Enquirer: 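Following this message is one structure expressed as structure tokens.
Sequential numbering from 1 along the given sequence is applied to the chain's residues. Just so we're clear, the structure is a prediction, and the values are computed from it rather than from any experiment. Keep in mind that the numbers below use all heavy atoms, side chains included, and drop hydrogens, waters and symmetry copies.
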Amino acid sequence: MAGTERSRRRREGKLRKAWRKEAATAGPTSVNDVPDEVLELVLLRLCDSLALLRAAAACKRWRRLVADAGFLARFRSLHAPHVVGHYHVVDPTFTGALRGGNHVFVPERSPSPLDRRRLSLDFLPEPDSDRAWWELADTRGGLVLLYQNKWNVSFPDMVVCEPLTRRHQGILRPQETKYRICFGVFLIDGAAADETGGCISMSNFRVLSAVCESETSYWYYHGTPRPRAYVFSSGVDGGWRATESDSGSDIELPSLQLINFVGRAGCSLYWGLDGKDAMLALHKTTAEFSLVTIPAIVGESYHPSTFRVIGGGNDGTMRVVRLIGDDLKIFTQLKGSGGEWVVEKLVRLPVATRGLPGHDVGLFHHYARIVTENERYILVTPRVATWLFSVEVETPVVEREHVRNKYAGAAYPYELPWPPGRRTQRGSMPPSPPMATTERRRRCGQRQRRDKHKRGSSMKVAGAGDGAAAVMTTVEDVPDHLLEVILLRLDSSVSLLRAAAACTRWRRVVADAGFLRSFRSLHGARHVVGRYHTVDPCFGSPPSAGGSSVVFVPSSPLVIGVDSRFFSLDFLPDYDDGDSWSWELEDSRGGLLLFSKKRKSTSRWAAMADARGFSFPDLVVCEPLTRRYQGIASPVYFRRHPCLGVFLLDGDAADADDTGSGGIGMSNFRVVAALHDRTWQHDRAVPLACVFTSGSDGGWRVLQSAAASAVDLPERFDFINFAGRAGGCLYWGIDGEDGAMLVLDEATMRFSIDMFPETIRASYDKWTFRVIDGGDDGDALRVVRVMRNDLKVFAQLAGSGEWVVERLVSLPEATRELPGRRKTYFRQEAKIVAANAAYVLLTPQEKKRWLFSVELETGKVERRHERNRGRRRRRRQRRKRASTKQLTAAATVQDVPDHVLEMILLRVDSSACLVRAAASCRRWRRVVADAAFLHSFRTLHGAHRVAGVYHTVDPAYGRPLPGGNFVFVPSTPLAAGDSCCFALDFLPYGGRDSWELLDCRRGLLLLSKKRPRFGGVATSRRFNDLVVCEPLTRRYQVIRCPANLKFFMCLGVFLLDDDAATGVGHAGGVSNFRVIAVLFDHHRWLDYRGMPMSMMFSSSGSGGDGTWQMVQWETIDDVDLPHWIEHITFVGRANGRIYWGLENEDGATLVLDESTTEFSITMFPENIWAPYDKYTFRVIGDGDDGALRVVRVINNDLKVFTQLAGAGEWVLEKTVSLPEATRGQPGHEEGLFFQHGEAMIVAASAAYVLVTPREKACMFSVELDTMEVEREHDRNWYPGPAYQYESLPWPPALQVCTDG
């Protein structure tokens, strides 16, 4: 036992010594210790094949892994091919041909990772004739296809080349195609993919050619041309072959001049055939031809200047690009909708290109044309001149300065060849001479021996000392370039200052100009740490003597608790004339403040009178954090000029700052003063702009160009009120000038006169009117108005320029629960104290010290906020330097990424809840307003929820409603809680009292002008003025009745969907609708007969008045009407058709098809119509199966007839006896339904029928699904038609007033 124990201990001791020896001799772990399978996973995550090539150049082991066929196949399946640039072709019809050919290579990004000389095509063989040249036809992968352009050759010779390896292969035309004309050649993938996933290379490619052929050899003289496809395959067994498919044998082609290539999408190529209602399509895989039909609304003409076909991006669906006038429209085909085409994008080119370099008003007088297209952008130019600009397909953003806009022609992408080879790095270089090769080998051997010696030395150092401990890594071991990357991820400049205070090395890195410029480009604007608030003498007493009228309030938790002396203004200079003067804050910008010299007053009224003196004061600019200031004396020759305002601007040398600090500081700033200067004209004046520039060469200068003769002002400067600052412009309202507003552009320093719409410019009183910035929308402009104690925020829609109500807050209702609120408030109109892009500060006139603020994002009213103290105007102060303690903020909903937020918002139950979510903040509104999100939401949730019903009252059955013949009854809690959004008090010409409701379509209402009730039916049914409105956005459009149609009888006016639909699944809106009016006219050829005529009104998308167009006015065969209009009665609308019953016409019914706008006469069976009575016959639709149904009252039995699908036979579906069903109902009396004949149908819909006995108006409704009779339902209170109103227009108008 003892020997065994000693042997075990001896073995363990040897093992321990071996372990210690191995640990002492082992070096540090390096990348070479990573096993192959882990290294493969790392390399698979490289971004593209170019990075893979760089990795393969690192060492032999990495090159061996990259060269493995299995690895390359997996890499290709994970990563799309890397596009290094585009070959641009120049069309000589736009610009001259390029030197050396008609093509040029432009890299995708600059600087290019590859030398442009490697992609040159100068290695191609010379053409076989002096009158021929190589013309680029197509690219695919790393290959380029060119054909030899000859004037007398119909089927050209070709060449396929690989520019990186400078290899090429010529392709001669087949002999049988000598006299056949080729109208397209294309590169396609080879017959089979190789083991690395590559589908095309110099040894594996195919060329597809489309030609015209006929029964004779000379088809262009005799015979009918038909399409045929020829395919060339590379390899030993390759060559030209004609496709065996006879798919093109039944397709007749027009002349070659009428065949135009219009694009490619998915696996098909498309040609437009002028004179035919179809496109020619060629499938690249099967090489079969077919005809594709597109609706007339999408493609009326297939000319390539106005019609192109592109792919659909990720889903690969076909999209059509159309130029209709100067409107660029992109159509897409909805999936699962039976091939319905809708408008996905719409760009109005004259409006979108306004402001681009070189733009001129006359460029679009003769419309525009398409130069080229692909899935990313469309290149367009006006027909007047070659002025190229591109439109991004996805955004759509219009660009003029992009490099692709320099070449008027097609652009072909070029990808790196696959599989990537080392030849791409040096394939084009000539071989080295023998001496150079020997020298290179000798130097390589010396380098290997030196590296081996260094590795041996490092191993000795690592193994020195038995059990030596490894040195721990600290933050000091992080190299400078990694430290810069870490510091660039800090959240704000305040955190950057705290990091710079850590040590000297970090301060050196942070102080570098290049680092500061990169930090500013990543983080945008500086950190706002608080606001300087001032006191307006109109809303409170001036501060006491010795006190300050300015107080700093921090807005960031990072600066709370910081010594307030950092932001104190006690360093400003004092005047020698005692305490009679003080400094008043005028503006702030960056870290600077601008003050003006004002006289102190102990009286409130004296302070207000001095504030209206407006003389040009002395100024001072200061920087509180550094306690520096600079005094600015007003020019002597302008001291008596009234001053409209002084403002701080960035310095002239904004780009000279290497740190990207934004161009403003104590040594680089400007001050602009707007002055009021009288002219020689009586009662008129002109504006002047004086600019002060800092620096040794600075001072005051007057911009003479600002005093243009076209910009004149009233002589009394107190008629001019500063309205706000937004979008890089300053605004002043001018009272008594019919809505004129003075505008000063801060960039150009030019004055101009702008006009706001009449609904906004009612008054430019500064207490009720302010102009503010659009916040996150950049240059968007908004107007804040107080009208009848309603706070309205107007916003201008991008592109159309139309002004809409973005938010509406009723101040008496919103402030009812605030502390200190009295009932006597708001008997007079409230006043605006201050306004900015975030909130508006207001007060009632009854007590001007009772301040409250309204958040513009949510419409929320606050009373206890810090900003509501002391009647203050807001001035932002941004700090450059701070030294504070770090406070860690808790995670909030703002930390949720956008893609997760989209998934959450897609699960809300209706579009009404979606709008409420969009009203919470701008970020949520941006996510909701995205077209792709709206399309996904509509796909998941289907039709909109009905928010309520607009009920009307027929005066024949009941007393008219006060204020109009209609009332809104909500059907959802959202609509019931905010019913003011559905009021029609915004209608013109007397409001809702002057209009009658005629129709409703989704989110729009159609109303007609009321006429006096005299003159019988002939007067009440005359064609009249109309209005179409959208209650939720409070927008409307008045439709005037044409003068030549005022005395025509009207059978009905109806709202229709517009022809164009948006990419989110619905067409409509105040700017996109149609109205059809059906009129009655005497027959031209038949005596005592009448005929129908229809007029169509189509709104214009740019906010214009639209136009009336005659749809049908000639005599229609077999469509004639009774001579008296009283014999024609509207009986219903169902399944896209409108029906009128004709008395004494043996069951004939006039029908109007809404899609084709054609009239016809339909005959119902005798058992349905006989005996016909307009009060007992209605036509309705069925919501489930779309079948047509007829509701009749026969012998006081309510019967529902339906038409069987396919057979057209009419059968009785349901019946109910009204006397029996109404027995026991409230208000029922004996004798009803028996004294005066049949019951009368008041209104009918697909859900219910509203009925009343003839004896008296006793309304009850019959549910058509269950045939149950109800008497107490809300709909029975309003005897008249009811119109369902959807919860929101689609796409939802996010400017709607929804209180969060």
Side-chain angles (χ1 to χ4, degrees), residues 80-81 83 86-89 91 108 137-140 184 186-188 208 210 259-273 278-285 290 292-295 297-324 327-335 339-347 349 352 368-381 388-399 402 404-405 407-415 931-932 935 1060-1063:
V83 178
H86 289 78
Y87 281 98
H88 288 264
V89 176
D91 191 340
E108 182 72 10
D138 198 8
T139 61
R140 184 78 174 173
F186 307 93
L187 258 179
I188 58 177
L208 179 63
I259 304 175
N260 300 299
F261 181 69
V262 294
R264 64 184 79 192
C267 295
S268 298
L269 307 164
Y270 296 91
W271 287 266
L273 307 178
M279 287 192 307
L280 179 65
L282 173 59
H283 199 281
K284 292 189 290 187
T285 304
S290 62
V292 178
T293 304
I294 293 181
I297 185 177
V298 178
E300 297 179 355
S301 172
Y302 294 116
H303 197 275
S305 63
T306 59
F307 182 93
R308 294 297 174 97
V309 175
I310 61 175
N314 296 329
D315 53 0
T317 56
M318 182 175 71
R319 290 187 288 184
V320 172
V321 180
R322 286 278 286 122
L323 257 180
I324 304 175
D327 292 343
L328 182 69
K329 296 184 179 181
I330 301 177
F331 296 86
T332 187
Q333 199 170 17
L334 297 180
K335 293 183 178 179
E340 181 184 0
W341 287 86
V342 297
V343 177
E344 182 183 8
K345 298 284 191 315
L346 171 62
V347 181
L349 299 181
R369 59 183 298 186
I370 300 175
V371 178
T372 187
E373 90 299 328
N374 55 36
E375 294 182 359
R376 294 173 50 198
Y377 67 90
I378 301 135
L379 192 63
V380 187
T381 182
L388 298 173
F389 60 93
S390 55
V391 181
E392 291 283 345
V393 173
E394 296 300 330
T395 42
V397 175
V398 179
E399 293 186 355
H402 201 280
R404 64 193 175 209
N405 301 329
Y407 310 101
Y412 299 94
Y414 183 80
E415 304 167 358
H935 183 77
T1062 61

Enquirer: Of all heavy-atom pairs between F389 and L349, which one has the smallest distance, and what is that distance?
Expert: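 Smallest heavy-atom distance, with atoms named: CE1-CD2, 4.0 Å.
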Enquirer: Search all heavy atoms of L269 against all heavy atoms of F261 and return the closest pair with its distance.
Expert: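 Heavy atoms only, the tightest pair is CB-CE1, 4.1 Å.
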Enquirer: Which heavy atom of Y377 sits nearest to which heavy atom of S390, and what is that distance?
Expert: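 Smallest heavy-atom distance, with atoms named: CD1-CB, 4.0 Å.
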Enquirer: Give a yes or no answer on whether the side chain of D138 reaches the backbone of L187 with a donor-acceptor pair at less than 3.5 Å.
Expert: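 Yes.
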Enquirer: Go through the steps for V391 and V397 under the test side chain to side chain contact (heavy atoms under 4.5 Å, CB included), then give the verdict.
Expert: CA-CA 6 Å; V391 181; V397 175; over 6 Å; no
Enquirer: Please determine whether side chain to side chain contact (heavy atoms under 4.5 Å, CB included) holds for the pair R376 and V393, giving the CA-CA distance in whole Å, both sets of side-chain angles, and the decisive distance to 0.1 Å.
Expert: CA-CA 6 Å; R376 294 173 50 198; V393 173; 5.9 Å; no
Enquirer: Please report the C-alpha distance between Y302 and F307 in whole Å, then the side-chain angles of each, then the deciding distance to 0.1 Å, and finally whether the ring-ring contact (aromatic ring centres under 6.0 Å, His included) criterion is met.
Expert: CA-CA 6 Å; Y302 294 116; F307 182 93; 4.9 Å; yes
Enquirer: Can you tell me how far apart OG1 (T139) and NE2 (H86) are? Round to the nearest 0.5 Å.
Expert: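 One gets 8.0 Å once the value is rounded to the nearest 0.5 Å.
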Enquirer: What is the distance from atom CG of N260 to atom NE2 of H303, rounded to the nearest 0.5 Å?
Expert: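 If I round to the nearest 0.5 Å, the distance is 5.5 Å.
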Enquirer: Between atom OH of Y87 and atom OH of Y414, what is the distance when rounded to the nearest 0.5 Å?
Expert: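 Reported to 0.5 Å precision, the distance equals 6.0 Å.
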Enquirer: Does a side-chain heavy-atom distance below 4.5 Å link R322 with T306?
Expert: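 The answer is yes, as the side chains (C-beta and beyond) meet within the 4.5 Å cut-off.
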Enquirer: Could you tell me whether the side chain of I294 reaches within less than 4.5 Å of the side chain of Y270, counting heavy atoms only?
Expert: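 No, their side chains stay 4.5 Å or more apart.
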Enquirer: If you take all heavy atoms of I370 and R308, which pair is closest and at what distance?
Expert: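 Reported closest heavy-atom pair: O-NH2, 3.6 Å.
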Enquirer: Do I310 and N374 have side chains that approach each other closer than 4.5 Å (heavy atoms only, starting at C-beta)?
Expert: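 SC-SC contact between I310 and N374 ruled out.
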Enquirer: Looking at every heavy atom in both L282 and W271, which two are closest together, and how far apart are they?
Expert: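 Residues L282 and W271, closest heavy atoms: CB-CZ3, 3.7 Å.
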Enquirer: Under a 4.5 Å cut-off applied to non-hydrogen side-chain atoms, are I378 and I330 in contact?
Expert: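 I378 reaches I330 side chain to side chain.
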Enquirer: State the SG-NE2 distance between C267 and H283, to the nearest 0.5 angstrom.
Expert: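 Answer for the SG-NE2 pair, C267 versus H283, is 5.0 Å.
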Enquirer: With R319 as reference, evaluate E375, E394, E373 under the salt bridge (Lys or Arg N to Asp or Glu O under 4.0 Å) test and give the passing residue.
Expert: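 Running salt bridge (Lys or Arg N to Asp or Glu O under 4.0 Å) over E375, E394, E373 with R319 returns exactly one hit, E394.
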Enquirer: If I compare all heavy atoms of L388 with all of Y407, which pair ends up nearest, and what's the gap?
Expert: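 Closest pair (atom of L388, atom of Y407, distance): CD1-C, 4.1 Å.
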Enquirer: Under the salt bridge (Lys or Arg N to Asp or Glu O under 4.0 Å) rule, collect the residues that match up with R404, sequence neighbours excluded.
Expert: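 R404 satisfies salt bridge (Lys or Arg N to Asp or Glu O under 4.0 Å) with E392, E399 once adjacent residues are dropped.
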